[in-house]
Visitor: 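This is the structure I want to talk about, given as C-alpha cells.
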Amino acid sequence: MPELPEVEVTRRSFAERIAGARIVSSVLGKPLRWPLGLQPQALQGRLVQGVRRRGKYLLLDLNEGLLLIHLGMSGSLRFVGGDEEPLGPAGVHDHFDLQTTRGLLRLHDPRRFGAVIYVPSETDALARKLLDHLGMEPLGDGFTLPDFKAGLAASRAPIKQLLLSGSVVVGVGNIYASEVLFLSRIHPATPARDIGPRKVKALYESIREVLALAVEQGGTTLRDFSSANGMEGHFQLQAKVYGREGMPCTHCGAPIRLLKQGQRSTYYCARCQKSS
DNA sequence: AACGGACCCTGTCCGC
DNA sequence: TGCGGACAGGGTCCGT
C-alpha cells in the first residue's frame, strides 16, 4: 500500500505532535515481519525526539536508540493526542501500540508485512542490513541526473523492476512506477541501460514531479490508506494508467495494457511507451 | 554478481 | 450462497 508519498504524508501528519513525548507503555499484537528486538516495556520512559524517513521506512528517534517502522503492503499509522477522541481498544489487526504523554501511536496492518524494530543505533547490524543498500532519496538534493543516469546504465533489468527494487532511487512503488514510465513514454520492459539520454532525463523529472505532487495530494488512497491523523489521499484521481486496463489512454486513446513483471502488475500504453 | 522467482499473510472480489 | 483462485500499494531470501 504505502509508497514514498504515503509514508512521507504519514510522517508529516504526526511528527510534530509526537516530538518531545515520553513513552508511557508499549504493547505488541501478532508478530510482524521482524521481532521488535527488545521487551516492549523496556521502551518506557524514553523520549521521542523526532520522526525521519528513509525510503519507505520511518525512523522514530528516541533519546536512546530508535524505532524503525515499515508499513509493508497494508500498514497504516494513527496518532491520536490526549485531547482527541480516543482510538479505543486494539483491534485484531492492530499490532503495535505506543502510548506516550502526547498521545497514542498505533500500527494497523492486516497482512503483517510491516515491521517495528528497535535498534540501539543506525549503525546496528540489522539497521544497516535494511537501510544501507537503499538508493537515492528522490525528493532530496542528493538525487541528481548524472547519478540517476549512472544507476540505470549499470543495470540490464527491466526499468519497471529496477525502479521497484529501490536500488537506484527509493520510494517508487507499483503505482508510481507505472505512472512515471507513462509520463516519460518508456516501455516498462526496456532494459534500464538501453534507455536513451532524453528519456532518462524525462524519467528523472517525472519521478521528482509525480512523487512531490502525490505528497501534496496527501498520497494515494486505493482502498484503506489514511495518514496518522485519518486523512485520505487524492492522488489516485490523477493516475493516468494504474488500474486502468482496457480504458483509453489519456494521450492517444489506445487501450491501456496490463503486463506482469515479477508477479506485479504494470499498466502502460503500448502506443505511447516505446523501448527506444 | 545480477537477476528472477518463491514466499511471507489476510482480505476482497470475481467466476462458477 | 458457497467455494476456489487470483490479486492487492512491499521486501527479503535463495537459487542460478
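Letters A, B, ... mirror the listed sequences (proteins, then strands); counts begin at 1.
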Visitor: Please determine whether the number of non-hydrogen atoms from other residues, nucleotides or ligands lying under 6.0 Å from atom CG of Asp141(A) exceeds 12.
Guide: no

Visitor: With heavy atoms under 4.0 Å as the rule, sort His133(A) into base, sugar-phosphate or nothing.
Guide: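 Sugar-phosphate, no base atom in range.
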
Visitor: Can you tell me, in whole Å, how much space there is between the P of dC14(C) and that of dC9(B)?
Guide: 16 Å

Visitor: Round to a whole Å and report the spacing from CD of Gln261(A) to P of dA6(B).
Guide: 16 Å

Visitor: Quick one: is dG11(B) close enough that its OP1 or OP2 comes under 4.0 Å of any side-chain N or O from Ser74(A)?
Guide: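 Looking at the OP1 and OP2 atoms of dG11(B), neither is under 4.0 Å from any side-chain N or O of Ser74(A).
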
Visitor: Measuring from Tyr118(A):OH to Leu36(A):CG, what's the distance to the nearest 0.5 Å?
Guide: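 Here the rounded value is 10.0 Å.
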
Visitor: Looking at dC3(B), I'd like to know if its phosphate oxygens (OP1 or OP2) sit under 4.0 Å from a side-chain N or O belonging to Ser165(A).
Guide: no

Visitor: Side chain of Gln263(A) only, please: which of dC7(B), dA8(C), dG4(B) is the nearest?
Guide: dC7(B)

Visitor: Check the distance between dG11(C)'s P and Asp109(A)'s CG and give it to me in whole angstrom.
Guide: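 Value for this atom pair: 13 Å.
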
Visitor: Is Phe113(A) stacked against the base of dC8(B), taking the criterion as centroid distance under 5.5 angstrom and interplanar angle under 30°?
Guide: yes

Visitor: How long is the line joining CD1 of Ile117(A) and C1' of dG10(C), in whole Å?
Guide: 13 Å

Visitor: Rounded to whole angstroms, how far apart are CG on Leu162(A) and P on dG10(C)?
Guide: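 From Leu162(A) CG to dG10(C) P: 15 Å.
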
Visitor: Of the listed nucleotides (dC13(C), dG4(B), dT10(B)), which one gets closest to any side-chain atom of Gln161(A)?
Guide: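 Nearest listed nucleotide: dG4(B).
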
Visitor: Any side-chain N or O of Arg112(A) under 4.0 Å from OP1/OP2 of dC8(B)?
Guide: no

Visitor: Have a look at Pro5(A) and say if it touches a base, only the backbone sugar-phosphate, or nothing, with a 4.0 Å heavy-atom cut-off.
Guide: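 If one applies the 4.0 Å heavy-atom cut-off, Pro5(A) turns out to touch nothing in the nucleic acid.
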
Visitor: Any side-chain N or O of Lys260(A) under 4.0 Å from OP1/OP2 of dA8(C)?
Guide: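 It does, given that an N or O in the side chain of Lys260(A) lies less than 4.0 Å from OP1 or OP2 of dA8(C).
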
Visitor: Name the closest nucleotide to the Arg33(A) side chain, picking from dA8(C), dC9(B), dT12(C).
Guide: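 Selected nucleotide: dT12(C).
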
Visitor: Among dC9(B), dT12(C), dG10(C), which is the nearest nucleotide to the side chain of Arg111(A)?
Guide: dC9(B)

Visitor: From NZ of Lys129(A) over to P of dT12(C), roughly how many Å is that when rounded to an integer?
Guide: 8 Å

Visitor: For atom P, what is the distance between dA1(B) and dG11(C), given to the nearest Å?
Guide: 24 Å

Visitor: From C-beta outward on Tyr57(A), which listed nucleotide comes closest to its side chain: dG11(C), dA8(C), dC13(C)?
Guide: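 Of all the options, the side chain of Tyr57(A) is nearest to dG11(C).
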
Visitor: Do Val51(A) and Leu59(A) come close enough that some side-chain heavy atom pair is under 4.5 Å?
Guide: no

Visitor: Any idea how His70(A) and Tyr57(A) line up, ring-wise: parallel (<30°), tilted (30 to 60°), or perpendicular (>60°)?
Guide: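 Aromatic pair His70(A)/Tyr57(A) classed perpendicular.
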
Visitor: Between His70(A) and dG10(C), does any side-chain N or O lie under 4.0 Å from OP1 or OP2?
Guide: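 The answer is no; no side-chain N or O of His70(A) sits under 4.0 Å from OP1 or OP2.
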
Visitor: Rounding to a whole Å, what distance do you find between Tyr242(A):OH and dC7(C):P?
Guide: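 Going from Tyr242(A) (OH) to dC7(C) (P), I get 12 Å.
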
Visitor: May I have the distance from Asn174(A) (atom CG) to dG11(C) (atom C1'), rounded to whole angstrom?
Guide: 13 Å

Visitor: Out of dG4(B), dC13(C), dG11(C), which nucleotide sits closest to the side chain of Lys56(A)?
Guide: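 That would be dG11(C).
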
Visitor: Paired with dC7(B): which nucleotide, if any, by Watson-Crick or G-U wobble criteria at under 3.5 Å for both distances?
Guide: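 When the pairing criteria are applied, dG11(C) turns out to be the nucleotide that pairs with dC7(B).
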
Visitor: Select one nucleotide: of dC3(B), dT10(B), dT12(C), the one nearest the side-chain heavy atoms of Lys30(A).
Guide: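 Closest nucleotide to the Lys30(A) side chain: dT10(B).
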
Visitor: Select one nucleotide: of dG4(B), dC9(B), dC3(B), the one nearest the side-chain heavy atoms of Arg156(A).
Guide: dC3(B)

Visitor: Any chance the rings of Phe143(A) and Phe148(A) have centres within less than 6.0 Å?
Guide: yes

Visitor: His93(A) has a side chain; which of dA8(C), dG10(C), dG11(B) sits nearest to it?
Guide: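 It is dG11(B).
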
Visitor: In whole Å, I'd like the distance from the CG atom of Leu32(A) to the P atom of dT10(B).
Guide: 11 Å

Visitor: Which atom names give the shortest non-hydrogen contact between Leu105(A) and Leu60(A), and what distance separates them?
Guide: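 In this case the closest contact between Leu105(A) and Leu60(A) is CD2-CD2, 4.1 Å.
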
Visitor: Strictly by modelled atom types, are Ser13(A) and Asn229(A) linked by a side-chain donor-acceptor pair under 3.5 Å?
Guide: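 No, no side-chain donor-acceptor contact under 3.5 Å.
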
